Amino acid sequence: MATPYNHREVEKKWRKHWEMHPVNVDDGKKPKYYCLDMFPYPSGSGLHVGHWRGYVISDVWSRYKMMNGYYIIHPMGWDAFGLPAENYAIKMGVHPSQSTAENIANIKKQMNEIAAIYDWDMEVNTTDPNFYKWTQWIFVKMFKAGLAYEKEMPINWCPSCKTGLANEEVVSGSCERCGSSVSKKNLKQWMLRITKYADRLLEDLDKLEWPEKVKKMQAEWIGRSYGAEIDFCVEGSEKTIRVYTTRPDTLYGATFMVLAPEHELAKELATKEQYEAVEDYIYKSSMKSSVDRMQDKEKTGVFTGSYAVNPLNQELIPIWLSDYVLADYGTGAIMCVPAHDDRDFAFATKFNIPIVQVISKDGKENPDLSEAYTEPGIMINSGDWTGMDSEEARNKVPEMLEKQGIGKKTTNYKLRDWVFSRQRYWGEPIPIIHCEHCGAVPVPEEELPLTLPEVEKYQPTGTGESPLAEIHEWVNTNCPQCGAPAKRETNTMPQWAGSSWYFLRYVDNKNDKELISKEKAKKYLPVDMYIGGVEHAVLHLLYSRFYTKFLNDIGVIDFDEPFVKLFNQGMIGKDGAKMSKSKGNVVSPDELVRDYGCDALRMYELFVGPPELDSEWDDRGIDGVYRFINRFYNLVMVNKDKLSKETKETVKLRNRMVYDITSRLEAFSLNTVVSGFMEYNNKMVDLAKKQGIDKATLETAIILLAPFAPHVSEELWQQLGHETSVFDNSWPTYDESQLKDDEIEIALQVNGKTKGTMMIEADATKEAVIALAKEKLADKLTGNIIKEIYVPGRIVNIVAR
RNA sequence: GCGGAUAUGGCGGAACUGGCAGACGCGCUAGACUUAGGAUCUAGUCCGAGAGGGUGCAGGUUCGAUUCCUGUUAUCCGCACCA
């Protein structure tokens, strides 16, 4: 018996060695492969085994690619500005710069325990002025390009975080961060015109090798729809109301109209009799929280007393107000066709408004319409269009309206411009100076970075102003354009500002002349594989695509999609819940590394389940991979001095092992790669006992294992007498002809029920196999044989009756 | 409400284009070695004594279904009046 594997000593030894002799080096000749992790925000609670999982997946993939001849860009950094970091600092009663630095130091230490091939020379930190100089520079460029603008409008306001939020940060009416119910607040805000990129952001999704789920979420978030705007005259008035509809074909069936309560004409349209009711309704809906407004499915509304004229048949239709119409989508007003829209149907039913059918499946009116008919069909009750296909009408109507000057074809999006300012301290200052004469003037590019001033009191004010507003010596400055006294913008950028482009900076993180040099951008980017959780499906991932497209437009980079491939790893939970400090179910990797070793934890992180699915953590399971590592270590150590020659069996086993491990790895089925190692280890142990094992087989196993368990692999490689690193090997290949056996076992079935097995020659003919099968099955066959089926290498099935 | 994912032993999970369901591991049982064992090794482990039955449930296609089709239930995720 050999001495048992001592993971502590061995891992320490190789950690030290790799520091002096890195395994991933750029020789200028190898092609690059950029494998990126979503960088963490430096949380105070450190990493748990769930974080580890993603980092292990990316490191295994990186090392595998490295052994396939690539130079790997595998950097790590810190998303250190923003609410979580600031809230943590407030809780701890320290300055965010201090807690951030401490947390980074702590997490970095934990990260080193993963033994990933991170290149710390590339490290970035979004709170470093040399980094956020470029975050601000991008903002200035966007301002100059007309993509950043100021606007006063009701925005999403989180009363607990005391700041405005982007639409993307509001989840079902609540703050994405803290879960508080979001209200509306009128604030002057900096906005980014992401809507200008809506079409490209939508259409370029096709280019990406991303999970369909994420692409779909982005497409739905952008929410493009085609339709028409149509003008309706108001009876007895000069006013017209413009509505947006995706179903202009149903115009003949419009029997009423609804405006959002916030519509600018809402009050004006109220007649004397209805005025009080209208005012009351408007007030009540303004008091409703966005959550209530979303959850109230029961339709409410009020009649204004006014009528609009249907432009096609000149019929008068009542104008109502209802909060099921959104003020900020389309024109804030809709024409309602109860016969062909579920919501209109519900409203009309409740308020006794006539329902006129204009489309039906068979061209006949449905005598008892119990729900809206929303499918295409044949036009009825529609004047000249009667009998026409509704899809055809849908296209033709807008053209006709356009000719008459009462409407036009339009496209609408659910995507809104990005509310970009935050009333908080811990963020990049927005580099704008407000001048009485010149308006908003950007800080000159050569004066960037505009550093965040040190302050004593950085807590949010809640007034809608940033804490920076209190620092008068910082706020008061001169206009860069005319020199007159002027004031700095005091809002800061959202957390997403730095993370929208950080991946560009890693490869040129010390460049003080450019965000990234042209050469390096060309050489190292874009990102080939991006690995992280699915929680950023529309936030970070949409913003990054937007930034990338903008930087492409202004010539900084020559590609317009940042991440070629995306992989979302599943979450690790414990006791049926997401790991969190408050639930007390956090499993720390630190003790596991100490007790079982880094290699064992790496492999167990993969072994818990398919990488793309959520998994439940069970501490006990790690014993399995720990035992495997010890057994494999023993196998090599026991046999290394008594190696035997290759045999038919070992050659077969070796080739199969390479084939199996490689194909599972390529399929990203990392959990089955680990079980594959265990299977082949068991087979090697058996074989070694029976007939001995050869050097090449052991070496191949060690090389295959290296990306997963780098320390023990490196150690065993050395134990077999090598002086170079195991990672200097290229990935093993296999010989196709060695994958097949001469003799194979097949299953025997009668009427589809398995009755046993038999051995046959691999190249036996169907006739021979069936003859043999009948012989074997003789006592089980009754009745007439109807059919004989032979699936080569699999089964024989005799159908008898 | 709409859309998507998932459902397999006591547990985590395998099963390629339909072809021996339960690989691999945890746990458990028995044994060996031990002063001892929560170390290690060996054997066993879907249910059932057996015929046989088994992949959430009910059907269907097929010689044959975890895999394909129809319906249905549960859990999770996303969207949520976008006209």
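Just so you know, these numbers come straight off a predicted model, no measurement behind them. Every chain is numbered from 1 and lettered A, B, ... according to where its sequence line falls, protein lines coming before strand lines.
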Is Q749(A) touching bases, backbone alone, or none of the nucleic acid, heavy atoms closer than 4.0 Å?
base
Using 30° and 60° as the class limits, which term best fits the ring planes of Y734(A) and Y659(A): parallel, tilted or perpendicular?
perpendicular
What integer distance in Å separates D614(A):CG from G12(B):P?
14 Å
Calculate the interatomic distance between R656(A) atom CZ and C24(B) atom P; express it in whole Å.
15 Å
G1(B) -> Watson-Crick or G-U wobble partner, both distances under 3.5 Å, gives C79(B)
L670(A) CG - G25(B) P separation (whole Å):
18 Å
Once you apply the 3.5 Å cut-off to both distances, tell me the Watson-Crick or G-U wobble partner of A36(B), or none.
none
Whole-angstrom distance between G18(B) and G31(B), as gauged at atom C1':
43 Å
Between P of C76(B) and CD of E535(A), the distance in whole Å
19 Å
Which nucleotide wins on minimum distance to the side chain of D618(A), given the candidates A83(B), C41(B), C26(B)?
C26(B)
Please state whether the base of C20(B) and the side chain of E745(A) form at least one donor-acceptor pair under 3.5 Å?
yes
Is T672(A) touching bases, backbone alone, or none of the nucleic acid, heavy atoms closer than 4.0 Å?
sugar-phosphate
What is the ring orientation for Y633(A) with Y5(A), classed by angle as parallel under 30°, tilted 30 to 60°, or perpendicular over 60°?
tilted
Do K213(A) and C77(B) share a donor-acceptor pair, side chain to base, under 3.5 Å?
no
Atom pair distance, as rounded to whole Å: CD1 in I786(A) and P in U62(B):
14 Å
Out of A83(B), A14(B), C81(B), whichever nucleotide has its closest atom nearest the side chain of Y244(A):
A83(B)
Would F256(A) and F351(A) count as a close aromatic pair, with their ring centres under 6.0 Å?
no
Looking at K350(A) and E298(A), is there a salt bridge between them, counting it only when a charged N and a carboxylate O are closer than 4.0 Å?
yes
Quick check on G54(B): syn or anti? Syn means the glycosidic torsion is within 90 degrees of zero.
anti
Would you measure the distance from the P atom in A5(B) across to the matching atom in C68(B) and give it in whole Å?
12 Å
Quote, to the nearest angstrom, the P distance that separates C24(B) from A15(B).
13 Å
Which is true for V608(A) with a 4.0 Å heavy-atom rule: it touches a base, it touches only sugar-phosphate, or it touches nothing?
sugar-phosphate
Regarding E788(A), tell me which of base, sugar-phosphate or nothing describes its non-hydrogen contacts under 4.0 Å with the strands shown.
nothing
Hey, does T195(A) have a side-chain heavy atom less than 4.5 Å from the side chain of Y413(A)?
no
Charged N to carboxylate O under 4.0 angstrom, R416(A) versus D328(A)?
yes
Between N682(A) and G25(B), does any side-chain N or O lie under 4.0 Å from OP1 or OP2?
yes
For U29(B), what is the paired nucleotide under Watson-Crick or G-U wobble rules, both distances under 3.5 Å?
A43(B)
Between Y596(A), F708(A), W617(A), which is the residue that forms a ring-ring contact (aromatic ring centres under 6.0 Å, His included) with Y604(A)?
W617(A)
Flag side-chain contact, heavy atom, 4.5 Å: H7(A) against Y626(A)
yes
Is G18(B) paired to anything, Watson-Crick or G-U wobble with both distances less than 3.5 Å, and if yes, which nucleotide?
none
Touch class at under 4.0 angstrom, heavy-atom based, for K689(A) against every strand present:
sugar-phosphate
Gap in Å between the two P atoms, one belonging to A43(B) and one to A49(B), rounded
26 Å
What contact category does K414(A) fall into here, base, sugar-phosphate, or nothing, at under 4.0 angstrom with non-hydrogen atoms?
base
What is the ring orientation for W320(A) with F303(A), classed by angle as parallel under 30°, tilted 30 to 60°, or perpendicular over 60°?
tilted
When all nucleic acid strands are considered with a 4.0 Å heavy-atom cut-off, which category describes N671(A): base, sugar-phosphate, or nothing?
sugar-phosphate
Residues E212(A) and K215(A) bridged, charged N to O under 4.0 Å:
yes
Report the base-pairing partner of G9(B) (Watson-Crick or G-U wobble, both distances below 3.5 angstrom), or none.
none
Below 4.0 angstrom from OP1 or OP2 of A83(B), is there any side-chain N or O of S322(A)?
no
Taking the nucleotide of RNA chain B with the nearest heavy atom to each, does G752(A) or I746(A) sit closer to the 5' end?
I746(A)
Is the phosphate of G13(B), meaning OP1 or OP2, less than 4.0 Å from a side-chain N or O of S675(A)?
no
Expressed as a whole number of Å, how far does the P atom of A58(B) sit from that of G53(B)?
15 Å
Closest-nucleotide ordering on RNA chain B, the 5'-leading residue of E679(A) and V685(A):
E679(A)
So, is K216(A) near the phosphate of A5(B), with a side-chain N or O under 4.0 Å from OP1 or OP2?
no
Per atom distances to the R627(A) side chain, the nearest of G53(B), A83(B), C26(B) is C26(B)
Could you check which of G25(B), C26(B), G19(B) has an atom nearest any side-chain atom of F607(A)?
G25(B)
Taken to the nearest whole Å, CD/E262(A) to C1'/C81(B) is 14 Å
Of A83(B), C20(B), G25(B), the nucleotide closest to the side chain of M678(A) is G25(B)
Is any side-chain nitrogen or oxygen of R664(A) closer than 4.0 Å to OP1 or OP2 of A14(B)?
no
Nearest to the side chain of T754(A), which nucleotide is it out of C20(B), C81(B), G27(B)?
C20(B)
Counting only side-chain N and O atoms of Y324(A), is one of them less than 4.0 Å from OP1 or OP2 of A83(B)?
no
Output yes when at least one side-chain N/O atom of R620(A) is less than 4.0 Å from OP1 or OP2 of G25(B), else no.
no
Scan K755(A) against the nucleic acid and name what it touches under 4.0 Å (heavy atoms): base, sugar-phosphate only, or nothing.
sugar-phosphate
Looking at K683(A), I'd like to know whether one of its side-chain N or O atoms comes within less than 4.0 Å of OP1 or OP2 on A23(B).
no
S663(A) near the nucleic acid: base, sugar-phosphate alone, or nothing, with a heavy-atom cut-off under 4.0 Å?
nothing
Regarding N412(A), tell me which of base, sugar-phosphate or nothing describes its non-hydrogen contacts under 4.0 Å with the strands shown.
nothing
Looking at C20(B), A23(B), C63(B), which one has an atom nearest to any side-chain atom of T757(A)?
C20(B)
Who does A58(B) pair with, Watson-Crick or G-U, both distances under 3.5 Å?
U70(B)
Write down the distance between OH (Y680(A)) and P (A23(B)), rounded to a whole number of angstrom.
16 Å
Please pick, from G64(B), G27(B), A83(B), the nucleotide with the shortest atom-to-atom distance to any side-chain atom of L326(A).
A83(B)
Roughly, in whole Å, what's the span from CG in D686(A) to P in C24(B)?
11 Å
Quantified in whole Å, what is the P atom distance between nucleotide A21(B) and nucleotide G64(B)?
14 Å
